[in-house]
Participant: 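If you scroll down you'll find the structure; I have some questions about it.
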Amino acid sequence: MTDTGIDSAVTYGLFAAWALHDTEEVVYGPRWMRENLPLLRERFPGAPEAVWKALGSVDDREFRAAVGVMAAIVGSAAVAGHRTGGRSAFYQGALNGFGLHGLVHLAQAAAVRGVTPGSVTSPLLVIPFTLWARGRLRRAGVLRPTRGRDVVVGLALAGGATVVSHAVARRLTRGARF
């Protein structure tokens with residue numbers, strides 16, 4: 001337990017919850033995308049062709065590598081949170097981004113009117129863990145105030161981390177040099 005009373009379940013728990021959630025994505029993600037890409041193109045004809053090309057070009061190796069890169073990001077955030085008793089802006093931003101990305105998974109499932117990769121563990125694990133951890137941080141007096149712009153920043157950081165993870169993974173799996 002840290003000087004703030006925040007134990008490792010709150011900080012390292014972020015990494016554990018993320019790992020369980022991303023296991024669902026690794027198991028179902030790439031196959032689901034291959035099987036559902038034609039339906040998605042039909043259902044969302046206004047989406048740019050570049051979106052469909054990008055989604056269709058991610059193979060299993062690249063996806064797993066991207067998850068590995070994201071593991072380094074989330075793991076680093078969890079360590080930063082633990083070292084600072086939950087005060088780290090990086091940790092709290094990652095925690096917020098994790099919870100918000102769970103809401104994005106639910107929105108995706110609603111948009112396609114069905115189960116999508118990540119939509120099972122989001123309401124069962126991602127969102128409850130985030131709310132619990134934020135509650136613990138609040139009770140310890142270390143939770144940073146959340147404003148409307150923080151929601152936008154959290155979503156942008158989660159999206160940015162995803163883009164970076166896939167860019168690194170693509171370079172690693174396609175043999176490109178850095």
Participant: Determine whether Thr130 and Leu95 satisfy the following criterion, side chain to side chain contact (heavy atoms under 4.5 Å, CB included), listing intermediate values before the conclusion.
Facilitator: CA-CA 6 Å; Thr130 302; Leu95 178 65; 4.2 Å; yes

Participant: Let me see the working for Gln92 and Leu137 under side chain to side chain contact (heavy atoms under 4.5 Å, CB included), right down to the final yes or no.
Facilitator: CA-CA 9 Å; Gln92 289 191 24; Leu137 295 171; 4.1 Å; yes

Participant: Can you find a side-chain donor-acceptor pair between Glu62 and Thr173 that sits under 3.5 Å?
Facilitator: no

Participant: State the CG-NE2 distance between Asp7 and His82, to the nearest 0.5 angstrom.
Facilitator: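 Between atom CG of Asp7 and atom NE2 of His82 there are 9.0 Å.
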
Participant: At their closest point, which heavy atom of Val112 faces which heavy atom of Trp32, and how far apart are they?
Facilitator: CG2-CZ2, 4.5 Å

Participant: To the nearest 0.5 Å, tell me how far Glu35 CD sits from Leu39 CG.
Facilitator: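 Reported to 0.5 Å precision, the distance equals 11.5 Å.
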
Participant: What are the two closest heavy atoms between Ala140 and Ile6, and how far apart are they?
Facilitator: CB-CD1, 3.6 Å

Participant: Determine whether Val26 and Arg64 make a side-chain contact, defined as any pair of heavy atoms from C-beta on separated by less than 4.5 Å.
Facilitator: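 The answer is yes; the side chains approach within 4.5 Å.
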
Participant: Would you find a donor on one side and an acceptor on the other, under 3.5 Å apart, between the side chain of Ser88 and the backbone of Thr84?
Facilitator: no

Participant: With the 4.5 Å side-chain cut-off for hydrophobic clustering, are Leu172 and Val163 part of the same group?
Facilitator: no

Participant: Check whether Val79 and Val74 end up in the same hydrophobic cluster, where Ile, Leu, Val, Met, Phe, Trp and Tyr are linked by side-chain heavy atoms less than 4.5 Å apart.
Facilitator: no

Participant: Minimum heavy-atom separation for Phe90 and Ile73, please, with both atom names.
Facilitator: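 Taking Phe90 first and Ile73 second, the nearest heavy atoms are CZ-O, 3.7 Å.
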
Participant: Applying salt bridge (charged side-chain N to carboxylate O under 4.0 Å, His left out), name anything that partners Arg34, two or more places apart in sequence or on another chain.
Facilitator: Asp60

Participant: Below 4.0 angstrom, N of the basic side chain to O of the carboxylate: do Arg41 and Glu49 qualify?
Facilitator: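 Looking at Glu49 together with Arg41, the answer is yes, because their closest N to O distance falls below 4.0 Å.
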
Participant: Kindly indicate whether the side chain of Phe63, heavy atoms from C-beta on, has any atom under 4.5 Å from the side chain of His166.
Facilitator: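 Yes, side chains in contact.
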
Participant: For atom OH of Tyr28, is the number of surrounding heavy atoms from other residues, nucleotides or ligands below 6.0 Å larger than 12?
Facilitator: no

Participant: Identify whether Tyr12 and Tyr91 are in the same connected component of the hydrophobic contact network (ILVMFWY, side-chain heavy atoms under 4.5 Å).
Facilitator: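 In one cluster with Tyr12: Tyr91, no.
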
Participant: Regarding Arg134 and Thr146, is there a side-chain donor-to-acceptor distance under 3.5 Å anywhere?
Facilitator: yes

Participant: For a quick test of reading the model, state the closest non-hydrogen atom pair linking Phe15 to Ala78 and the distance between them.
Facilitator: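 Answer, listing the atom of Phe15 first, then Ala78: CB-CB, 4.1 Å.
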
Participant: I'd like to know if the side chain of Arg170 pairs up with that of Ser57 as donor and acceptor (distance under 3.5 Å, no hydrogens or angles considered).
Facilitator: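 A donor-acceptor contact under 3.5 Å links the two side chains.
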
Participant: For Ala77 and Ala94, work out which heavy atoms get closest and say how close.
Facilitator: CB-CB, 3.5 Å

Participant: Is there a side chain to side chain contact (heavy atoms under 4.5 Å, CB included) between Arg174 and Asp59 once you walk through the steps?
Facilitator: CA-CA 11 Å; Arg174 308 270 164 98; Asp59 63 19; 4.3 Å; yes

Participant: Please tabulate, one pair per line, all N/O donor-acceptor pairs under 3.5 Å involving side-chain atoms of residues 99-110, not counting sequence neighbours.
Facilitator:
{"from": "His101", "atom 1": "ND1", "to": "Phe98", "atom 2": "O", "distance (Å)": "2.9"}
{"from": "His101", "atom 1": "NE2", "to": "His21", "atom 2": "NE2", "distance (Å)": "3.0"}
{"from": "His101", "atom 1": "NE2", "to": "His105", "atom 2": "NE2", "distance (Å)": "3.2"}
{"from": "His105", "atom 1": "ND1", "to": "Gln108", "atom 2": "OE1", "distance (Å)": "3.3"}
{"from": "His105", "atom 1": "ND1", "to": "Pro117", "atom 2": "O", "distance (Å)": "3.1"}
{"from": "His105", "atom 1": "NE2", "to": "His21", "atom 2": "NE2", "distance (Å)": "3.3"}
{"from": "His105", "atom 1": "NE2", "to": "Glu25", "atom 2": "OE2", "distance (Å)": "2.5"}

Participant: Are side-chain heavy atoms of Leu55 and Leu37 found at a separation under 4.5 Å?
Facilitator: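 Of all side-chain heavy-atom pairs linking Leu37 with Leu55, at least one is under 4.5 Å.
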
Participant: Mark yes or no for whether Ser119, through its side chain, and Thr116, through its backbone, hold a donor-acceptor pair below 3.5 Å.
Facilitator: yes

Participant: Can you list the residues that meet the ring pair (Phe, Tyr, Trp, His ring centres under 6.0 Å) rule with Trp132, with sequence neighbours excluded?
Facilitator: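 In terms of ring pair (Phe, Tyr, Trp, His ring centres under 6.0 Å), with neighbours along the sequence ignored, Trp132 is linked to Phe129.
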
Participant: What heavy-atom pair brings Ala111 and Phe44 nearest, and what distance separates the two atoms?
Facilitator: O-CZ, 3.6 Å

